[in-house]
Each structure stands twice: as C-alpha cells, then as structure tokens.
Amino acid sequence: MSALSGKVQTVLGPIDPILLGRTLTHEHLTMTFDLCYHPPPPDQEALIHQPIEMKNRFWVQLNPYSCKDNLHLNQETEAVKEELLHFKKAGGGTIVENTTTGIDRDVKTLKKLSQETGVNIISGAGFYVDASHSKETRSMSVEKLTGIITDEILHGADGTDIKCGVIGEIGTSWPITDSEKKVLQATAYAQTQLGCPVIIHPGRHELAPFEVVRILQEAGGDLSKTVMSHMDRTIFEKEKLLEFAKLGSYVEYDLFGTEMLNYYFRPDVDMPCDNERIQSVRFLVDEGYEDQLLIAHDVHTKNRLTKYGGHGYSYILEYIVPKMLTRGISQSAVDKMLIKNPKKWLTFK
Ligand SMILES: CC(=O)NCCS(=O)(=O)O
C-alpha cells in the first residue's frame, strides 16, 4: 500500500477525497496550443495575427485554431483566477488540469492559482500527442518513460516538488504512433505501481478508444481507474458507444460549451452542440452507465474564457446542470457525474 492510498493528490499536497466537492475532470488553466494551429481559408489570412476583439470574436469561435493569439491560454492567468473564484462561488470545488508535457504544463502557476482561489487543482503527468514528442522522448524506452511518469507523481514535475495527481491527458493520434504506444504502456506500468487515476485523449476515430484500451489492458492497466476523454467528437453511433461503455472505463463528455460549425481536425465530423451532448449523456444514463460518466468543458483556448465572451469554467454548473434536470437526468445522476464518480476515480488505490 502506498502513502497516497485512499488520498487524492492536489498541487498543494494529498487531501481527503471528501474535500473534492463538484469536480470538473478535464480542463486546462494554462497551456499553449501552437501545435494545433490550422491555417484559415486563403481569403481570411489577414485575421491570423489579429488579437481577439469584439469584431472578430465570432470568427475566432468559428476558427479557434487559426487565430495565433487564441492559442496562448498561458497569457491569461489573471482572467483564469477570476474565473476560478467565480467557479467556487457557483459551487465548484476541484479542477483536474490535464496539461501534460508537449503543451506547456506549468505546475508553479497551478499551485499559485490553487493557493489564491481555494479551488483544488490536480495536475497531469505524462505526455501529449506524438506531434509534441521531442526527439529525446521518441527515443526513450518504456522503462524510462515509466520512470518519468512515476517521478512526476511521487517527487514533482518540471524540476519542482509540485506533484501530479493523475496521469494524463495522455495524447494519442489515429492511427496510434509507436511513440504514443510506448507512452501508453508506460502509463499502464506506472498506474500498476501507484494505483493512480489515468486520463486519455483518444485519436479522432471511433476505433481509437478501443485500440487505446487494448494497449492499456495488455500492459496491465486498470480500466476502472481510467477515463476516456472527448467522447463527444469520437463515437457517434449508439451501438458502438454501448460497446465501448461495456469495457468499463469512465466515459467523458468534456467539450461542453464548444459550438463549432467546422471541426477542422476532422472535417467529415459534425461537432455536436450542447443539447446533443446532453442527449448522449441521457442515453448512457438510461442504459445504466451513470456510474461511469464524467463531464467537463476542456477549456484550452482563450475564446472559451468569459473575458473573451466565452462560456468559462462555471457554465456546466450554472447552465448545463439545470438543462440536464429538465431533460430527465436525475439530480442523483448529476451528482454522480460531478461528485461521486470523480471522487472514486481520483482516489489512489
Ligand atoms: C487540449 C485538447 O487536446 N483538446 C481536445 C480537442 S479535440 O478537438 O477534442 O481533439
């Protein structure tokens, strides 16, 4: 049994799980996303370098990855702090901050934000998608990667003594690359040693979550302590969704607030709107999967912040929960998604 057993590890240290309260399991408070810059249509190139303003705000919503300014959430610590104070007032308790190596995790800023706002923050260990892996990362053995991940949880991340409390979001593409496969195997080995929570960013294909699960299981990973993120944009067909839910991982709808006409990462996919997300959640509740559901916003660009006219980190508590209740999702199921399931997932075995 490890010293962390029965505890949740925040950036301020281990805490009793009862202290978590309402928890958003997939957010970013500081990160960069230049990696995912996507050029706009040729006649709109003049907008690439414009700062976000009222007059281009809707264009940025339509083209979030084409505005360079929008990709630097790390410049908005003051605005994020205001948002966290508001989140707390709205009844929020904890945020799982999913920024991993490759998209500029900053545990010092997370610690400061937690100290200044009283919101529990849990930081993520490990690596984002292959496109962000350094040459050095790509050449590492699974053992070396396992060592790095366990070290970030046991001793601290990024040269500090501030410790991560989950592994992830571990980034994977479709198809999964060799380097991502090694990171997934290392994730499973580290999870076996530590009994810790894991969260995965799957590639954008309905088979991607299945393939990730296969690799994790073959390496001894514990699906009952693993979250599959971004289900909103990944599995659409109901039978496939049930087939995946049956495998036993948590199923996370974490793009609440994302209203996007064109999904540039996969143009053949129509990004669902929030009412459709609620319908998918209701479907899984009705099918008996309420113990596996989690919800979040995955704020990762500036335009999602209220400072820039976005929905912010309190939108689920203030708007999505009331709407869910009017759509036949019970208060008890909502409490499971926001309190009970996160608590169970985040507690070290
Ligand atoms: C930060 C991050 O990876 N967000 C997910 C965006 S996606 O469009 O759902 O892949």
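Each ligand, and each atom within it, is numbered from 1 in the order the structure gives.
Judged by distance alone, the side chain of Gln191 and the main-chain N or O of Lys225 form a donor-acceptor pair under 3.5 Å. Side chain of Gln292 to main chain of Tyr289: no donor-acceptor pair is present (N/O by atom type, distance under 3.5 Å, no hydrogens or angles).
Side-chain contact annotation: Glu252 with Thr25, donor-acceptor N/O pair under 3.5 Å present. Side-chain contact of Gln279 with Asn275: a donor-acceptor pair under 3.5 Å is absent, judged by distance alone.
Under the side chain to side chain donor-acceptor pair (under 3.5 Å) rule, His28 has a single partner from Asp104, Asp298, Thr301, which is Asp298.
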For ligand 1, find each of its N or O atoms that sits under 3.5 Å from a protein N or O atom, and tabulate the pairs with distances to one decimal place.
from     : atom 1 : to     : atom 2 : distance (Å)
ligand 1 : 3 (O)  : Tyr128 : OH     : 2.5
ligand 1 : 3 (O)  : His201 : ND1    : 3.2
ligand 1 : 4 (N)  : Asp298 : OD2    : 2.8
ligand 1 : 8 (O)  : Tyr263 : OH     : 2.6
ligand 1 : 9 (O)  : Arg233 : NE     : 3.1
ligand 1 : 10 (O) : Arg204 : NE     : 3.0
ligand 1 : 10 (O) : Arg204 : NH2    : 2.8
ligand 1 : 10 (O) : Arg233 : NE     : 3.2
ligand 1 : 10 (O) : Arg233 : NH2    : 3.0
ligand 1 : 10 (O) : Tyr263 : OH     : 3.3

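Here the two rings, on Tyr315 and Phe256, have centers that are 6.0 Å apart or farther.
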